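These numbers come from a predicted model, not from an experiment. We count ligands from 1, going down the list as the structure has it; atoms in each ligand are counted the same way.
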Amino acid sequence: WKTLDDMDLAGKRVLTRVDINVPVEDGRVTDATRIERVVPTIKDILSKGGKPILLAHFGRPKGERVPEMSLQPLIPALEEAFGTRVVFAADCRGPSAQSAIEAMGDGEVVLLENTRFHPGEEKNDDALASEMAELGDIYCNDAFSAAHRAHASTEALARKLPSCAGRLMEAELSALEKALGEPKRPAVAVVGGAKVSTKLDLLSNLVTRVDTLVIGGGMANTFLAAQGLDVGKSLCEHDMTGTASEIAEKAAEAGCEILLPRDVVVAHRFEAGAPHQIVKTEDVPSDAMILDTGPDSVAHIKEVLDRSETLIWNGPLGAFEIKPFDEATNAAAGYAAELTKAGKLISVAGGGDTVAALNKADASDHFTYVSTAGGAFLEWMEGKDLPGVAALG
Ligand code: 3PG
């Protein structure tokens with residue numbers, strides 16, 4: 001695929017697909033990371049004399065014009081991040097979009113209304129893509145985090161105009177390629193989170209790509225149960241123990257070591273500050289719940305990190321939202337951040353709760369790369385082709 005460096009942008013209308021699906025509470029953006037990360041692309045287009053016209057989705061309005069899912073309230077946050085005026089158009093196609101674009105002043109940006117207000121967006125509708133294509137001369141996709149969706153603004157549109165990847169898309173793809181494409185070895189993956197069932201494809205792919213797979217969080221309980229251990233009242237998918245054993249077999253065949261907790265933190269209530277104790281995984285009381293990975297296991301994870309060159313991280317190691325069950329996640333992430341700072345580790349993280357967990361551990365600033373993507377990061381880790389990337393050619 002091409003990048004902004006390959007395009008002649010002067011005087012061109014650049015339809016720029018961004019992912020500004022940011023968390024908003026009481027009309028205010030509570031985490032502007034996704035907005036900040038598209039700034040280099042917008043500034044680059046402007047500095048080369050192009051006219052950035054932003055296409056984006058917000059929430060899941062399912063083809064309806066849902067006022068609470070308008071992109072208009074994001075204008076102040078965008079203007080602050082871009083340092084320029086951002087003009088809103090009430091539709092992502094047709095006359096209102098056309099006139100906003102025709103009236104664009106130098107250095108200005110146009111934001112088009114939520115693409116998902118049209119049912120054709122999620123259907124990857126060709127006619128909708130053609131209408132959007134009329135608004136631009138060049139298409140730039142900077143929305144890696146929406147690239148797992150084959151939608152009109154991420155897929156069909158890319159085939160209708162000269163297309164390129166934006167700076168954030170480039171950065172995401174190159175970081176991910178470094179971590180899993182041709183990683184420096186040994187490579188370790190840390191995968192946590194609640195359920196094995198949501199990460200089956202991911203685990204199956206990873207065991208063929210890395211040297212060590214550290215499993216934490218609720219999903220580790222399913223693996224422990226598959227080994228015949230009693231996990232008490234812990235979150236556990238008992239119907240997935242056969243699958244967990246198959247993944248363990250696949251790992252053994254591929255020469256990938258799976259690291260499960262040796263000790264765990266257990267409590268009787270899932271509550272902040274609940275009385276808790278550390279036990280070996282074979283000694284989990286039958287009336288208790290596992291809520292975090294234990295300190296002995298964390299020491300083991302640190303040893304693995306010490307001898308690794310590349311780390312890829314997805315998901316927390318315990319119930320990180322409530323104290324003190326965030327300790328394993330904080331300690332392991334903090335250690336990975338230190339090794340990265342010291343130039344000893346390439347560390348890449350992304351997907352769902354991961355960024356929140358790393359932020360809480362004050363670790364994300366020191367990771368080599370933290371992806372803005374949730375679902376797209378997971379699909380990429382599963383080894384799937386992302387339609388939004390494939391369409392860039
Ligand atoms: C995300 O928040 O991960 C992306 O914006 C994609 O959103 P979606 O899951 O609603 O397609």
Side-chain angles (χ1 to χ4, degrees), residues 15-25 29-39 41 54-66 68-74 77-78 81 92 111-125 128-129 132 140-158 165-166 168-169 171-173 175-176 193-195 198-199 201-202 313-316 348-359 364 369-382 384-392:
L15 278 175
T16 309
R17 179 55 162 101
V18 292
D19 185 355
I20 47 175
N21 195 20
V22 290
V24 174
E25 268 167 43
V29 175
T30 54
D31 179 353
T33 309
R34 281 182 168 173
I35 293 177
E36 286 151 13
R37 298 280 283 273
V38 296
V39 170
T41 294
L54 308 188
L55 280 166
H57 73 278
F58 190 58
R60 292 178 176 167
K62 301 201 167 83
E64 307 273 335
R65 198 167 262 279
V66 179
E68 298 73 40
M69 293 185 197
S70 170
L71 283 167
Q72 191 165 19
L74 297 188
L78 294 174
C92 66
L111 171 68
L112 304 178
E113 183 57 294
N114 194 343
T115 52
R116 290 188 184 172
F117 282 179
H118 292 284
E121 165 69 344
E122 292 187 53
K123 294 187 185 131
N124 201 14
D125 181 57
L128 176 61
M132 294 192 285
C140 170
N141 190 345
D142 210 26
F144 172 77
S145 48
H148 57 317
R149 309 291 183 205
H151 291 175
S153 68
T154 59
E155 211 276 345
L157 178 57
L168 176 58
M169 175 72 93
E172 295 267 9
L173 290 172
L176 270 48
K195 291 183 173 176
T198 55
K199 295 196 180 168
D201 291 345
L202 185 149
W313 186 311
N314 170 257
V348 174
D353 274 349
T354 314
V355 180
L358 294 189
N359 282 342
S364 45
Y369 194 79
V370 178
S371 175
T372 55
F377 187 86
L378 296 184
E379 290 203 21
W380 175 84
M381 272 175 92
E382 288 165 7
K384 291 190 181 144
D385 276 337
L386 304 181
V389 178
L392 292 176

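Salt-bridge annotation for E172 and R34: absent, with no side-chain N of the basic residue lying under 4.0 Å from a carboxylate O of the acidic one.
Annotation for R60: atom CZ does not count as buried by contact number, only 12 or fewer foreign heavy atoms lying within 6.0 Å.
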Test side chain to side chain contact (heavy atoms under 4.5 Å, CB included) applied to D19 and H57, step by step: CA-CA 7 Å; D19 185 355; H57 73 278; 3.7 Å; yes
Full working for side chain to side chain contact (heavy atoms under 4.5 Å, CB included) between L176 and F377: CA-CA 9 Å; L176 270 48; F377 187 86; 4.0 Å; yes
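Protein residues with any heavy atom under 4.0 Å from ligand 1: D19, N21, R34, H57, R60, R116, S145, R149.
With hydrogens and angles left out, the side-chain atoms of S153 and R17 include a donor and acceptor closer than 3.5 Å. In summary, the side chains of E121 and T115 do present a donor paired with an acceptor at a separation below 3.5 Å, with no hydrogens or angles considered.
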